[in-house]
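Side chains are part of it too, since the values below use all heavy atoms of this structure and drop only hydrogens, waters and symmetry mates. Both counts, for ligands and for their atoms, begin at 1 and track the order of listing.
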Amino acid sequence: MDALQELEQLRAEATAAFGQVASPDELERLRVRFLGRKSRLTEVLRSLPQLPPEQRAAVGKRGNELKTFLETSLAAKRQTVAAGSQAPAIDFTLPGLAVPVGRLHPITQTTHAIISCFTPMGFEVVEGPEVEFEAYNFDALNIPKDHPSREAFDTFFVDLPSPQPSKGRLVLRSHTSPVQIRVMEHCRPPLRVVVPGKVFRPDPLDPSHSFMFHQVEGLMVDERTSFADLKGVLEQVLKTLFGAKTLTRFRPHFFSFTEPSAEVDIACAACRGTGCSTCGQKGWLEIMGCGMVHPNVFKAVGYDPRAVQGFAFGMGVERIAMLQHRLTDIRLFFENDLRFLEQFSR
Ligand SMILES: [Zn+2]
């Protein structure tokens, strides 16, 4: 083997050896082996004067190139081996791989918040069908046959034969109140229920209307449940939802299925009822409807209206969520825009 071949072989050996080195000690052994005073490279360079003159220049040039190559490799390897011996095998400071985690929709969060105001007071959560009989959506709730809400432009009628024609046509329920009827048909008082769910009305989509929205309905019936109970329960709930200092106001209203009936308002948190720009000078914000269950509703489910009394209420979840989060457009809830939805952590 001549000197040039020997240098080529040395380069190949060194490249392989440096590739596997893992500790500073091993590296030092490699330095001695390839660059030390007794290394083959040193011997080759030292033997240059004995070489035939025509080989001397080429071997000298290659030998020095190899020496530079080895020194550079050694320096580079020294850095990585030093870093490797100090740092742990895993770099915990690197950003992790983010796993996308879902979260509850803001409407679901507000629904849960509303329900959790009632459950400590003994209210049970009940759900009912979204496709409902006319009898439950209207008749049993004392809504007269000629009431405008029964017109096609106020209710979605389902174009399918009713499985129980005696209960009328099928509709997409326009409120959660029919679940009150279903509960009372199957249970005797005392009862306390809250009913969350979707309701449907053929309203064109605009910042404050949607053809589908959510309600939480409630019903309490017992022998002597009074309007004072109604006020006590709802005031407590509104204070839990909007803060302990929330002012409430009960305003006379009309609903077919309750008598007397009221709308419940809360005072604008900014002006406490006097009117300001936040509340559009109104001072009060409408939150829900309520009242004492109408005797005709009790009769429709076979209760004796002289033996039991009760109250019912219903509130729009979107409306409450919009007040909580200071939103002005109901459509944001249904557009599924992650930039919006991701702002509601929890
Ligand atoms: Zn105000």
Side-chain angles (χ1 to χ4, degrees), residues 104-118 120-121 123 174-177 194 196 198-199 201 203-218 227-255 258 260-292 311-335 337 339-346:
L104 294 177
H105 190 280
I107 291 301
T108 308
Q109 293 186 19
T110 300
T111 304
H112 288 179
I114 296 169
I115 287 172
S116 62
C117 297
F118 286 99
M121 293 191 264
F123 283 78
S174 54
H175 46 183
T176 40
S177 308
V194 275
K198 291 185 177 71
V199 302
R201 296 179 193 176
D203 286 330
L205 208 53
D206 69 24
S208 47
H209 294 89
S210 168
F211 46 82
M212 184 282 295
F213 56 99
H214 298 75
Q215 286 187 333
V216 173
E217 181 90 12
F227 201 92
D229 296 318
L230 161 67
K231 281 192 76 173
V233 166
L234 295 185
E235 278 181 2
Q236 179 57 45
V237 165
L238 292 173
K239 285 192 162 84
T240 309
L241 277 178
F242 292 103
K245 291 183 178 164
T246 303
L247 296 176
T248 52
R249 176 173 87 170
F250 287 72
R251 226 163 6 93
H253 196 75
F254 174 81
F255 298 111
T258 47
S261 306
E263 290 269 18
V264 189
D265 300 339
I266 59 169
C268 163
C271 65
R272 299 191 64 74
T274 55
C276 68
S277 57
T278 312
C279 56
Q281 305 303 327
K282 287 180 196 147
W284 296 84
L285 306 159
E286 194 182 306
I287 288 292
M288 64 169 113
C290 64
M292 301 304 293
F311 66 79
F313 54 86
M315 63 192 98
V317 179
E318 280 78 1
R319 172 151 181 80
I320 290 175
M322 287 166 80
L323 286 172
Q324 282 180 322
H325 302 299
R326 303 189 177 194
L327 302 171
T328 52
D329 195 330
I330 194 173
R331 294 171 292 190
L332 288 168
F333 290 124
F334 310 123
E335 286 169 346
D337 187 335
R339 291 168 301 177
F340 172 75
L341 295 174
E342 283 176 348
Q343 295 176 51
F344 302 88
S345 52
R346 245 202 287 178

> Aromatic rings Phe118 and Phe313: how do their planes relate, parallel, tilted or perpendicular, breaks at 30° and 60°?
Replying inline: parallel
> Under 30°, 30 to 60°, or over 60°: which ring-plane class applies to His214 and Phe334, parallel, tilted or perpendicular?
Replying inline: parallel
> Mind counting the protein N, O or S atoms sitting less than 2.8 Å from the Zn ion (ligand 1)?
Replying inline: 4
> Would you call Phe211 and Asp203 a side-chain contact if the rule is heavy atoms closer than 4.5 Å?
Replying inline: no
> Under 4.5 Å between any side-chain heavy atoms of Thr176 and Val216, yes or no?
Replying inline: no
>> Taking side-chain hydrogen bond (donor to acceptor under 3.5 Å, both in side chains) as the definition, give me every residue that meets it alongside Ser174, ordered by chain and number, with sequence neighbours left out.
In response: Asn137
>> Please check: side-chain N/O of Gln109 versus main-chain N/O of Phe344, any donor-acceptor pairing under 3.5 Å?
In response: yes
